[in-house]
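Note sheet for the following structure.
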Amino acid sequence: MRTLTAVSRFHEPQHPDFQRLNSSIAFDRRLWPQDVAQSRAHVKMLADRGIIAVGDRDALLAGLDDVEAELREQRFPFAVGDEDIHMAIERRLTEIAGPVGGRLHAARSRNDQVVTDLAMYTRERCVAAQEAIAALMAALLARAQEHVDWPMPGYTHLQRAQPVYLGHHLLAYFWMLARDRSRFAFAESECRRLPLGAGALAGVNFDTDRRQVASELGFSDVVANSIDAVSGRDFVLDFLSAAATCATHLSRLGSELVLWSSAEFGFCELPDAWSSGSSIMPQKKNPDAAELLRAKAPRVVGHLSALHGVMHALPLTYNKDLQEDKEHLFDTVDTLDLELAAATGMIAGVRFDRARLSEAAADEMIAATDIADLLVRLDVPFREAHGIVAGLVRTALDAGQTLSQLTREQLAAHSQVLADHEGEYRSALEQASWLESKVSEGGTSLARVREQLDLARAELEVGTGS
């Protein structure tokens with residue numbers, strides 16, 4: 001294993017298989033922007049505190065500029081012995097700047113260096129996740145406004161239950177995502193305490209200025225306890241938790257798009273750009289992107305569970321186990337980015353079939369609750385009303401009739417009260433009445449949905465605050 005020091009306490013070289021097990025360069029190289037930025041801030045602070053000379057500072061900063069250019073332009077010469085991105089950068093800096101490169105690591109350890117890079121990266125991804133979620137929220141809001149008064153059946157147990165407006169249904173996902181965005185905002189806030197300066201675990205032997213570094217790197221505070229600083233990964237767990245909930249919400253959206261786009265439902269057609277064909281059946285248009293929204297959710301949840309497993313019962317302070325935080329985080333970041341892009345693309349381009357939605361929403365059986373509520377308004381206890389309407393439904397099904405086709409005599413057989421108010425009964429079975437009767441706040445009546453649209457617009461404008 002190539003190292004930066006000429007002398008080692010070990011008599012034997014590392015086994016090649018251990019080197020492969022121990023190395024993280026294959027995946028942690030994406031942290032190079034954070035590591036370079038952190039190193040710049042650290043070098044400036046060292047010079048300001050008199051720990052290194054001003055000339056050394058200037059040489060190190062110039063060398064870091066060269067290293068950054070190589071990394072950005074993808075011409076950085078990674079070496080076989082580079083264990084991780086942090087040591088690779090320090091090695092290359094020393095090759096460029098000479099022995100002064102060895103001064104970079106004064107007053108820091110890889111323990112606090114790595115967790116600082118990770119906090120910076122996670123903070124950036126929290127911001128990006130909020131932006132991507134906001135884009136999907138905006139797409140949902142736009143489609144809800146377009147379809148504010150399109151009737152459709154609402155479901156429980158995947159059985160037609162009560163009618164709603166399509167705009168109302170789409171807004172349900174808007175509010176789920178609003179909460180997701182708030183969760184990422186919380187995770188972002190948990191990334192704003194600087195771990196650097198904790199050293200290996202106990203602090204460092206120099207009078208450093210952690211708050212100067214924090215300010216330059218965009219942290220609002222420092223981690224108060226050096227042991228906690230190097231051993232904690234709460235902020236990664238917070239990100240993964242927010243991502244797991246968000247991915248679960250997206251899986252529900254994906255599942256409904258799969259169902260709705262099937263011939264059996266026929267409620268919508270997904271955009272070609274987010275669909276696939278069949279290798280053998282030329283007529284097929286498969287909702288693969290929506291299906292993958294379902295399938296990728298447990299993958300993200302699995303990363304959260306796995307990191308909880310890594311952290312579970314882990315003694316303080318740093319342990320090599322913590323290297324396992326990165327792949328769970330990085331794969332979750334990449335997966336969620338793709339999921340949000342796919343969901344936004346599908347929602348923006350999906351075409352709904354108003355006639356098919358309306359036909360499904362015209363099923364009179366989903367007005368059963370409205371008949372029960374009519375009886376309640378006529379002073380019949382709800383449980384008794386529920387039984388009366390259940391009997392009416394059974395009679396209609398047995399006779400092959402709709403509820404509106406039942407005669408006055410059939411009504412009277414179940415409820416004289418209902419027979420005496422036959423006109424109100426038949427009015428309650430008119431489709432518009434089923435929707436517009438839901439006047440409670442947050443309900444599906446058009447006036448309430450329009451109120452909700454105003455709330456959604458405000459939520460989107462103010463960001464995470466609500």
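Since we're looking at a predicted model, the values are computed, not measured.
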For side-chain hydrogen bond (donor to acceptor under 3.5 Å, both in side chains), just list the numbers for Ser276 and Asn286, CA-CA rounded to whole Å, side-chain angles, deciding distance to a tenth of an Å, and then say yes or no.
CA-CA 5 Å; Ser276 300; Asn286 297 327; over 6 Å; no
List the steps, then state whether side-chain hydrogen bond (donor to acceptor under 3.5 Å, both in side chains) holds for Tyr318 with Arg110.
CA-CA 10 Å; Tyr318 180 80; Arg110 260 198 299 181; over 6 Å; no
Please report the C-alpha distance between Asp272 and Lys285 in whole Å, then the side-chain angles of each, then the deciding distance to 0.1 Å, and finally whether the salt bridge (Lys or Arg N to Asp or Glu O under 4.0 Å) criterion is met.
CA-CA 8 Å; Asp272 291 350; Lys285 182 176 181 179; 2.7 Å; yes
Would you check, one step at a time, whether the test salt bridge (Lys or Arg N to Asp or Glu O under 4.0 Å) holds for Glu188 with Arg192?
CA-CA 7 Å; Glu188 179 192 351; Arg192 293 200 171 273; 2.8 Å; yes
Checking Glu441 against Arg448 for the salt bridge (Lys or Arg N to Asp or Glu O under 4.0 Å) test, could you report, in this order, the C-alpha distance in whole Å, the side-chain angles of both residues, the deciding distance, and whether it holds?
CA-CA 6 Å; Glu441 184 175 357; Arg448 290 301 194 181; 5.2 Å; no
From CA spacing to verdict: side-chain contact (heavy atoms from CB on, under 4.5 Å), Ser445, Leu435:
CA-CA 5 Å; Ser445 67; Leu435 289 152; over 6 Å; no
Taking it one step at a time, do Asp82 and Arg92 satisfy salt bridge (Lys or Arg N to Asp or Glu O under 4.0 Å)?
CA-CA 10 Å; Asp82 289 337; Arg92 182 58 179 154; over 6 Å; no
Run the side-chain hydrogen bond (donor to acceptor under 3.5 Å, both in side chains) test on His169 and Glu256 for me, step by step, so that the C-alpha distance in whole Å, both residues' side-chain angles and the decisive distance to 0.1 Å come before the verdict.
CA-CA 11 Å; His169 193 108; Glu256 293 207 316; 2.6 Å; yes
Could you check Lys326 against Leu31 for side-chain contact (heavy atoms from CB on, under 4.5 Å), going step by step and ending with a plain yes or no?
CA-CA 10 Å; Lys326 296 170 192 63; Leu31 293 176; 4.3 Å; yes
Could you go through the side-chain hydrogen bond (donor to acceptor under 3.5 Å, both in side chains) check for Gln401 and Gln410 one step at a time?
CA-CA 11 Å; Gln401 296 173 295; Gln410 287 173 308; 3.1 Å; yes
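Closest non-hydrogen pair, Ala361 versus Pro163, comes out as O-CB, 4.5 Å. Leu336 and Ala243 get closest at one heavy-atom pair: CD2-CB, 4.0 Å. Residues Ala185 and Gln130 share a closest heavy-atom pair of CB-OE1, 3.5 Å. Across every non-hydrogen atom of Gly443 and Val449, the tightest pair is O-CG2, 3.9 Å. Across every non-hydrogen atom of Val115 and Gly232, the tightest pair is CG2-O, 3.9 Å. Nearest heavy-atom pair across Ile347 and Arg143 is O-NH1, 2.7 Å.
With hydrogens and angles disregarded, a donor-acceptor distance shorter than 3.5 Å links the side chain of Thr332 to the backbone of His328. Ser189 contributes a side-chain N or O that, together with a main-chain N or O of Phe186, makes up a donor-acceptor pair within less than 3.5 Å. When atom types are taken as modelled, the side chain of Arg125 and the backbone of Tyr121 share no donor-acceptor pair closer than 3.5 angstrom. In this structure, the side chain of Asp228 does not engage the main chain of Ala224 through any donor-acceptor pair within 3.5 Å. The backbone N or O of Gln19 lies less than 3.5 Å from no partner atom in the side chain of Ser23, so there is not a single donor-acceptor pair. Side chain of Asp420 to backbone of Val417: no donor-acceptor contact under 3.5 angstrom is found. Asp28 places a side-chain N or O within 3.5 Å of a backbone atom of Ile85 that can act as its donor or acceptor partner. Checked by atom type and distance alone, the side chain of Ser215 never pairs as donor or acceptor with a backbone atom of Arg211 at under 3.5 Å. Under the 3.5 Å distance criterion, the side-chain polar atoms of Asn22 are left unmatched by any main-chain donor or acceptor of Arg20. Panel note: side chain Gln38, backbone Gln113; a donor-acceptor pair is recorded below 3.5 Å.
Taking 4.0 Å as the cut-off between side-chain N and carboxylate O, Glu422 and Arg426 count as a salt-bridged pair. One finds a salt bridge joining Lys320 and Glu83 here, because a Lys/Arg side-chain nitrogen approaches an Asp/Glu carboxylate oxygen to under 4.0 Å. Look at Lys438 and Asp370 and you find a salt bridge, because one of the NZ, NE, NH1 or NH2 atoms lies within 4.0 Å of a carboxylate O, short of that distance. Ion pairing between a basic and an acidic side chain is recognised when a charged N comes within 4.0 Å of a carboxylate O; Asp334 and Arg30 show such pairing. A salt bridge links Glu68 with Arg40: at least one charged nitrogen is closer than 4.0 Å to a carboxylate oxygen.
Around atom CZ of Arg252, no more than 12 heavy atoms belonging to other residues, nucleotides or ligands sit under 6.0 Å away. Around the CG atom of Asp379, the shell of radius 6.0 Å holds no more than 12 heavy atoms that belong to other residues, nucleotides or ligands. Within a 6.0 Å radius of CD in Gln416, more than 12 heavy atoms belonging to other residues, nucleotides or ligands are found. With a 6.0 Å radius and a threshold of 12 heavy atoms from other residues, nucleotides or ligands, Arg75 has its CZ atom above the threshold. Within 6.0 Å of the NE2 atom in His414, the count of heavy atoms belonging to other residues, nucleotides or ligands exceeds 12.
To the nearest 0.5 Å, atom OG1 of residue Thr245 and atom CG of residue Leu250 are 11.0 Å apart. Distance check, rounded to the nearest 0.5 Å: CG of Asp353 to CD of Glu269 gives 9.5 Å. Distance CZ/Phe265 to OG/Ser261: 10.0 Å, rounded to 0.5 Å. Rounding to the nearest 0.5 Å places CZ of Arg210 at 5.5 Å from CG of Leu194. Rounded to the nearest 0.5 angstrom, Tyr425 OH and Leu392 CG are separated by 5.5 Å. Distance CZ/Arg160 to CD/Glu364: 12.5 Å, rounded to 0.5 Å.
Using a 4.5 Å heavy-atom threshold, the side chains of Arg299 and Asp331 count as touching. The shortest distance between side-chain heavy atoms of Leu270 and Pro287 falls below 4.5 Å.
Using bins of under 30°, 30° to 60° and over 60° for the plane-to-plane angle, the ring pair Phe184/Phe239 lands in the perpendicular bin. Below 30°, between 30° and 60°, or above 60°: for Trp260 and Phe267 the angle between ring planes is between 30° and 60°, a tilted geometry.
Taking the six-membered ring for Trp, His147 and Tyr165 have ring centres at least 6.0 Å apart.
In this structure Phe76 satisfies the ring pair (Phe, Tyr, Trp, His ring centres under 6.0 Å) test together with Phe78, sequence neighbours excluded.
A cation-pi contact, defined as under 6.0 Å to the ring centre and within 45° of the axis, is absent between Arg193 and Phe235.
Side-chain atoms of Gln34 and Glu124 include a donor-acceptor pair closer than 3.5 Å. Side chains of Trp175 and Gln452: a donor-acceptor N/O pair is present below 3.5 angstrom, by distance only. If you check the side chains of Arg108 and Ser39, you find a donor sitting under 3.5 Å from an acceptor.
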